[in-house]
Each structure stands twice: as C-alpha cells, then as structure tokens.
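What follows is a short report on a single structure.
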Protein chains: 2
Amino acid sequence: MKSSKILLVDDDEDILDLLEYNLTKEGYEVKTALNGEKAIEVANEFLPELIIMDVMMPEMDGIEACGEIRKNKLLANTIIAFLTARSEDYSQIAGFDAGADDYITKPIKPKVLFSKIKGLLRRGTVEDQLIEETATMRIDREKYIVVQRDTEISLPKKEFELLALLMSKPDNVFTREKIFASVWGDDIVVGDRTIDVHIRKLREKIGDDYIKTVKGVGYKFVDVED
Amino acid sequence: MKSSKILLVDDDEDILDLLEYNLTKEGYEVKTALNGEKAIEVANEFLPELIIMDVMMPEMDGIEACGEIRKNKLLANTIIAFLTARSEDYSQIAGFDAGADDYITKPIKPKVLFSKIKGLLRRGTVEDQLIEETATMRIDREKYIVVQRDTEISLPKKEFELLALLMSKPDNVFTREKIFASVWGDDIVVGDRTIDVHIRKLREKIGDDYIKTVKGVGYKFVDVED
DNA sequence: ATGGTGGCTTAACATTGAGTTAATATTAAA
DNA sequence: TTTAATATTAACTCAATGTTAAGCCACCAT
C-alpha cells in the first residue's frame, strides 16, 4: 500500500517540525507550508490526500486557503482538517462552509492527532464531499433536494443517492457493481432489476434525457443544455 | 440587504481614517473610537456586527475592553477581532481568552483585511440564522415561547429546543443522530420513538405542515406561507 | 409529607410508503 | 435475426415512522 501524502500548514515552524518528524516516522509522506498561499502552491503539485491547516495564519488564513484549494478539481477528494484554538469556535461554522472536513483542536496531543489522521484517511474516497452540480441541475444534500432549473424536486433516499452518485462524475459511466457498492453497500444483496426501477423513477421525475444507458456497461449522467 | 456595522478602535487616528474611508467605500457602516472606554460606549449604542480593535492602547487596552463588551448581552453575537503587531506572540494574547474571535496582524494590507472582514461577517450571517425566525413563525428564547402569526404558543423544553433546532436552518434536513446530539446530548440514550413523539406533539401544536419527514434521513422545518 | 401537575419516556400497536420483486415487453448489439 | 440486456408496470414486503396511552419522576403548592 502506497503511503499517504499529508500537507501540514502552520505559521509556527516549531509545530511544523514536530508534526513532520513524527508523521514521517509513522510512514506518511509529508510536506509543509508556512502560509496559505504557499499551501495552495504545494497542494496543487503535491496532491496530498490530507491537509492539516491552521485556521489562523498571517497573509492568508486557513479558511481562505481552503476555499482556493477546493477550486482545484484534482483536490476534490482531499480531506482538509483545520487546527483551531478553541473547540467551540465560530470559525467551525465558517470552515465547514469553506469545505473543511474536520477539526483538530489545539493544543495538539500527538496520540489523538495520529488516531484522528488514521480515521480521516480511512474514510478514503469521501465522495459525499463532492459538489454535485451541472449547468441545469444541482444536488443539495443539506436540504435533501434536487434543484433543476429553479424547480425543487424531492427524492426518496435511494433515488437521491443514486442520482448524486451519477452526478458526481457527469458523463462517466458507472457500472452496476459500482452503483451497488456505493448506494447499497457491499454486503446488501438485491435483485438485478432493482437499479433499473430506480433509474426509471428518476427519469420519471427529472426527465428521460439526463440518464443514459450504456448497454452491457452501466449508466451515466449527461447534462441537458437544450 | 442592510449594510453591516463595523466599529474600529485604535489609538492611531491615521489608521482609523484610512480604514474608515476604505470600509465606508466598500459599503459598510463604520464608527470609530480612539480608546477602550470610548469603544465600550460606542459599542453599546451602535451595536456593531464586527469590532476591530487594537490590542495595545493607552487608558484601557483591547483585552480589557473586550471583556467589558462581552458583558453586554446585546453584543453577544458581535465578532471581535484584535489587531496585533506581527512580532507579538499572539498565543500569549489568546491565552487571556478575553473573548476575541480573530486576529488581524499589522501592518494591515487592505486587500487581506477586506477579505478577512467578509469572512468574519459571513460567520455572522451564519450566526444570524440562529435567530430562528421565518415568515410565519418566530422563536423567542427570552420568553421561551413560539409566536405563530401573532399567536403565542408556549412549549416545554424539549419540544422548544427541537423546534428551535429545526428552525435554525429552515428546509435543511436534520438526521435523528444530529437531533439527539443537539437536543439530548451525545451521552444521553433514549429510545427510538422518543423523537417521533416530540415531533408529534409539535405538529399537534403548530400544525402538521411545518415539519416534514424525510424517510430514512430525518426531519426538516418548512415554512407554511399558505 | 402529601397530592397534584405536567414534562418526558416507553411500549404496544397502526400505518405508511420506500424499496423490492416478479412478470412481461422492448431494445440494441452481434 | 437472435438474444441477452434493459425497460416497464404493478403488486408486494417490510422497515421506518406515526399514534396513543400509560407510567415514571421531578417539581410545586398545600
């Protein structure tokens, strides 16, 4: 298994050194940055799986940097964790807006940090973090609705998750196996026609043209621009 | 949208003028104060959303003033940001934990400051949503009642907190987990049907249409405009 | 203490509708 | 043309939620 790449961002070099030393010893591939701007640079090249970033930094703060990093599609699956001084800080709210995945509170306890890092990396492909959005359709996970040209459509759970999956990579074909694994879970076993029926119901609600069948392969979402 | 109110506090009039000029140009409503005492006075009247205050000032320093300001309940949601010289070790200042929300380092770069202010006020906006109020319903935490089209409804604690939570983000789905964590607390364990019963009682009192069930996901508050 | 009151939880049972299946029709690739 | 893959429809199943009432406990006034 290839070692995970972690980017550390903090304006305090002592903290950087400490964490880098320990994480490298644990077998991670580590890079560091002293500020937000530098972090964006390094992130775009290094493509880390995890970024641990101080919220409060001179020049460009963590929240701002986080927003910038999220703009890079290649970093869509990268997990961003903020370091915050107080656990109940309001910046948490702003941070989640910016696209942060987790918070680590200062002062840092190495043992806690390591177990947290393992947990975050285990999550692996955090496809829930993707912004499922195309020109004419948008998935709103918070409200659990689909917005299609200003029309709000509410969908049952399975249909919602299915559509969200397909929309996570427009034009990409998803095989039945992948759909099962992602929407139903590896262990659940259901009949062959179950997916078809859900596709049917989706097409009924959002229109036939959005979901295309690739016979013998799977399904894909294509945006309808008229 | 009404413009945000900002209070600037610094003993250097040049800085005050510079910032006031630029922030006013950006569309903010700005007032200034030359010292801590003055700041408290102005803050209590002006009720700004954001206070940017120098840490080091004659008479009463920023930390002391911050503590005083925090005593005013009307300013509970006001964000306080300290201006600090870069060389200063702000961990020391943060140690005081006077209630500051953020730090801005000198020398001030307008561009950075403006983006930071926007960021800070965005938190405020999020916080504003905590004033649970929709077109037809309003939560009054002081009186512990709900006002629905001029009708006052008094609710028991759990029902009140539950409704307040749902109303904190109208249209957003809250999972049972989140509801438990927020209204009951992480450690308290109660039966599965407890939430349902409280939902039932709420629906009985405010009407069925306000709380919508998203099966397999959670509950959401939707405003009824008729 | 005593008894009443109301909030909260639980348990038992009812209901709903999301999800699945099965049976049949249609499609598109070879 | 052939045929496996997918579409379609409706019936069915069951887990999730709704509903009701009873019971417990804290609190309050007597």
Side-chain angles (χ1 to χ4, degrees), chain A residues 141 143-146 153-166 173-222, chain B residues 139 141 143-146 152-166 173-222:
Chain A
R141 270 215 138 69
K143 298 182 181 172
Y144 223 81
I145 55 167
V146 179
I153 304 171
S154 67
L155 298 173
K157 199 178 174 193
K158 283 277 187 317
E159 287 167 42
F160 186 89
E161 295 300 336
L162 174 54
L163 180 60
L165 177 67
L166 295 179
V173 180
F174 289 84
T175 64
R176 280 160 183 273
E177 290 81 50
K178 278 186 185 167
I179 292 171
F180 274 130
S182 177
V183 178
W184 275 262
D186 285 316
D187 38 354
I188 310 291
V189 182
V190 288
D192 264 6
R193 300 273 64 73
T194 303
I195 286 183
D196 307 44
V197 174
H198 281 99
I199 292 284
R200 172 82 225 305
K201 286 178 177 166
L202 273 177
R203 283 175 171 157
E204 225 166 43
K205 286 165 187 168
I206 66 173
D208 285 349
D209 300 333
Y210 282 95
I211 299 171
K212 206 187 157 191
T213 305
V214 184
K215 209 165 181 176
V217 186
Y219 295 94
K220 67 164 142 179
F221 179 93
V222 289
Chain B
I139 290 269
R141 277 201 178 276
K143 297 183 187 167
Y144 226 79
I145 55 164
V146 179
E152 293 191 352
I153 304 171
S154 71
L155 296 173
K157 195 176 174 199
K158 283 280 185 318
E159 287 167 42
F160 185 88
E161 295 300 338
L162 174 53
L163 180 60
L165 176 67
L166 295 179
V173 178
F174 289 82
T175 63
R176 279 161 182 271
E177 280 180 2
K178 278 186 185 165
I179 293 171
F180 274 130
S182 177
V183 178
W184 275 263
D186 283 318
D187 38 356
I188 309 292
V189 183
V190 287
D192 263 5
R193 300 272 65 71
T194 303
I195 285 184
D196 308 46
V197 174
H198 285 280
I199 292 284
R200 172 83 225 304
K201 287 181 176 163
L202 274 176
R203 282 176 172 158
E204 227 165 42
K205 286 166 187 168
I206 66 173
D208 285 350
D209 299 334
Y210 282 95
I211 300 172
K212 203 186 154 191
T213 305
V214 184
K215 214 167 178 173
V217 186
Y219 295 95
K220 64 161 107 172
F221 179 94
V222 290

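Classification of the B/Trp184-B/His198 ring pair by plane angle, with boundaries at 30° and 60°, yields perpendicular.
Nearest nucleotide to the side chain of B/Val197, out of D/dT17, C/dT9, D/dT6: C/dT9. Minimum atom distance to the side chain of B/Lys215 is reached by C/dT16, of the listed D/dA7, C/dT16, C/dG19. When the nucleotides C/dG7, D/dT17, C/dA22 are ranked by their closest atom to the side chain of B/Pro156, C/dG7 comes out on top.
Other residues, nucleotides and ligands contribute more than 12 heavy atoms inside 6.0 Å of the NZ atom of A/Lys205.
Counting to the nearest Å, the P atom of C/dG17 and the CG atom of A/Leu155 are 16 Å from each other. One atom, CG of A/Asp208, and another, C1' of D/dA7, lie 11 Å apart when rounded to the nearest Å. For the pair A/Asp192 CG and C/dT21 P, the interatomic distance rounds to 10 Å; values are reported in whole Å. In this structure, CG of B/Asp196 is placed 16 Å from P of C/dC8, rounded to the nearest angstrom. Look at NZ on B/Lys212: it is 16 Å from C1' on D/dA16, rounded to the nearest Å. Note: CD1 (B/Ile179) to C1' (C/dT9) measures 17 Å, nearest angstrom. A straight line from CD1 of A/Ile195 to P of C/dG19 spans 14 Å, rounded to a whole angstrom. When the C1' atom of D/dT6 is taken as reference, atom CG of A/Leu202 falls 16 Å away, rounded to whole Å.
Taking 4.0 angstrom as the limit, B/His198 places a side-chain polar atom (N or O) nearer than this to OP1 or OP2 of C/dT9. Proximity of A/Arg200 to the phosphate of D/dT6: no side-chain N or O atom is located under 4.0 Å from OP1 or OP2. A sub-4.0 Å separation between OP1 or OP2 of C/dG19 and a side-chain N or O of A/Trp184 is absent. For A/Arg193, no side-chain nitrogen or oxygen approaches OP1 or OP2 of C/dT20 to under 4.0 Å. The side chain of A/Thr213 contributes an N or O atom lying less than 4.0 Å from OP1 or OP2 of D/dA7.
Distance CD1/A/Ile195 to CG/A/Leu162: 7.0 Å, rounded to 0.5 Å.
Within 4.0 Å of A/Tyr219, counting heavy atoms only, lie sugar-phosphate atoms of the nucleic acid but no base atom. B/Lys158 comes within 4.0 angstrom of the backbone, heavy atoms only, and of no base. Counting any heavy atom pair closer than 4.0 Å across all strands shown, A/Thr194 reaches a base atom.
At a threshold of 4.5 Å between non-hydrogen side-chain atoms, the residues B/Val222 and B/Asp209 do not count as touching. Counting heavy atoms from C-beta outward, A/Arg176 and A/Asp196 have side chains that approach closer than 4.5 Å.
Mapped onto DNA chain C by nearest heavy atom, A/Gly191 and B/Lys201 fall at different nucleotides, with B/Lys201 at the one closer to the 5' end.
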